[in-house]
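Note sheet for the following structure.
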Amino acid sequence: MSEIKCDIIRDLMPGYLDGVLSGAGDTAVREHLESCGACRQFLAEMKEEMVPRQGSTSADEQAALDGFKKIRRRTRWLKMAAMMGGLLAAALIVGVFLKVYVIGSLPWSASMWVESAQYDEETQSLTLKGTVNSAGTRVTRVEWKESASTGGRVDVFVYAAETLPFGREKREFSITIPDMKGKNAYLVGSDYDTLKAYNWNSDHYELMYSLEEELYRRIPEWTREKVVLSPVQGITVLDGVEGIEYSAMFLLGEDAYWQRFGDQVITYGDIGEAYEYVWISLEEPHEIRRYDREKEAWVSPNPLCF
């Protein structure tokens, strides 16, 4: 690289003294002064000449100099802002790419299908297998979370991303959830809707039916025709004993009757406004308790009086 001539350096010296040169210009002047005594002498004389001038600088000259410094600072700020804007735009593009093609999001509940739900009696775990019925989809991960507001409910979240060009689809998903005794599992979709994936009661129909029969037998005034028993979600543990909590709805009118369709109970005619809650242990000999609203506690009357 050729050395910069002295006359060019001396033309830059006013800006060097005022501190308005660019970084490259400031460096060039400083490096030249280190090796050139004549220019150092020229700079010293210039400084001496500027001392009396500084006190007599006109307001217009000072305003012009201040304006030049402000423009230089503003230019630097604009360059920095442009650089930060570019970085933010790049981060946004990367974020969208990761969301669409890598991380994924929840599909619609209507696009998901549960092919099998197998409950293991020994480990009390549930294995769900299913598919997302959407072309060009790749399942990225499956998670589950127990509902804090609804007892005996587990929500399953299936995340799916779009398949990259020339990539492979993976629409199948599988997950094993521990401690599912007495619980229900739901697939949660992006449309805030849910799809019931598993019902523990349905898999243990004979047990649930026998518990209901025991309640009807032990409470003579309750008949299957006039009292509708519906299990409350989840297993309720009282004094360390597992049991099922039922709500009992009473049909008062003589023409009243009810029908059950899966988990749904449809009633016809005059029904009662009040509900009773009763609990029965899973294991024999079955213990029965009712919920006393006044005491706000489960009691064990013998005989039962409702």
Side-chain angles (χ1 to χ4, degrees), residues 88-120 124-205 208 228 230-236 244-247 249 258-267 275:
L88 289 175
L92 179 61
I93 293 173
V94 171
V96 172
F97 176 84
L98 291 176
K99 178 71 173 178
V100 174
Y101 293 103
V102 179
I103 300 175
S105 58
L106 296 175
W108 291 358
S109 59
S111 67
M112 293 183 285
W113 180 263
V114 177
E115 296 178 348
S116 67
Q118 295 186 352
Y119 176 79
D120 191 311
Q124 299 180 5
S125 63
L126 173 69
T127 299
L128 291 177
K129 294 182 179 181
T131 57
V132 177
N133 297 321
S134 180
T137 296
R138 180 174 59 87
V139 174
T140 56
R141 69 187 189 280
V142 186
E143 300 174 352
W144 65 271
K145 182 180 180 180
E146 193 157 359
S147 174
S149 58
T150 305
R153 169 172 172 157
V154 172
D155 291 328
V156 178
F157 305 90
V158 179
Y159 292 87
E162 293 187 19
T163 305
L164 287 167
F166 309 107
R168 295 180 58 186
E169 291 185 343
K170 183 182 178 299
R171 294 190 287 169
E172 298 79 16
F173 64 87
S174 176
I175 187 171
T176 298
I177 309 170
D179 190 25
M180 281 295 294
K181 186 175 182 178
K183 299 176 183 178
N184 297 334
Y186 291 81
L187 293 179
V188 180
S190 61
D191 48 1
Y192 302 101
D193 196 9
T194 57
L195 175 67
K196 198 165 192 177
Y198 175 75
N199 184 341
W200 186 86
N201 293 347
S202 298
D203 267 10
H204 299 80
Y205 172 78
M208 302 301 293
V228 184
S230 298
V232 179
Q233 287 187 344
I235 289 178
T236 303
I244 300 294
E245 178 185 347
Y246 286 89
S247 65
M249 179 174 59
W258 62 278
Q259 291 179 322
R260 190 188 301 275
F261 297 94
D263 294 339
Q264 302 296 319
V265 174
I266 308 298
T267 60
Y275 286 80

I175: side-chain contact (heavy atoms from CB on, under 4.5 Å) partners, not counting sequence neighbours | L128, V142, W144, V156, I177

Could I get the full list of side-chain contact (heavy atoms from CB on, under 4.5 Å) partners for P107, not counting sequence neighbours?
-> S111, M112, V132

Partners passing salt bridge (charged side-chain N to carboxylate O under 4.0 Å, His left out) against D203 (at least two apart in sequence or in another chain) = none

Contacts of type side-chain contact (heavy atoms from CB on, under 4.5 Å), residue Q118, not counting sequence neighbours | none

Non-neighbouring partners of D193 that pass side chain to side chain donor-acceptor pair (under 3.5 Å), sequence neighbours left out | none

Quick check: does any side chain N or O of T140 sit under 3.5 Å from a backbone N or O of Y159, one acting as donor and the other as acceptor?
-> yes

Evaluate the side chain to side chain contact (heavy atoms under 4.5 Å, CB included) criterion for residues I244 and I235: first the C-alpha distance (whole Å), next the side-chain angles of each, then the deciding distance (0.1 Å), finally the verdict.
-> CA-CA 5 Å; I244 300 294; I235 289 178; 4.0 Å; yes

Kindly write out the residues that satisfy side-chain contact (heavy atoms from CB on, under 4.5 Å) with V188, not counting sequence neighbours, or none if the list is empty.
-> D155, F157, T194

Taking only residues two or more places apart in sequence, or in another chain, which ones meet E172 in a side chain to side chain donor-acceptor pair (under 3.5 Å)?
-> none

At what distance, to the nearest 0.5 angstrom, does CD of Q259 lie from CD1 of I266?
-> 8.5 Å

Plane angle bin for Y119 and W200 - parallel if under 30°, tilted between 30 and 60°, otherwise perpendicular | perpendicular

Sequence neighbours left out, what passes side chain to side chain donor-acceptor pair (under 3.5 Å) with E115? Give chain and number order.
-> none

Excluding sequence neighbours, so at least two apart, what forms side chain to side chain donor-acceptor pair (under 3.5 Å) with T267?
-> none

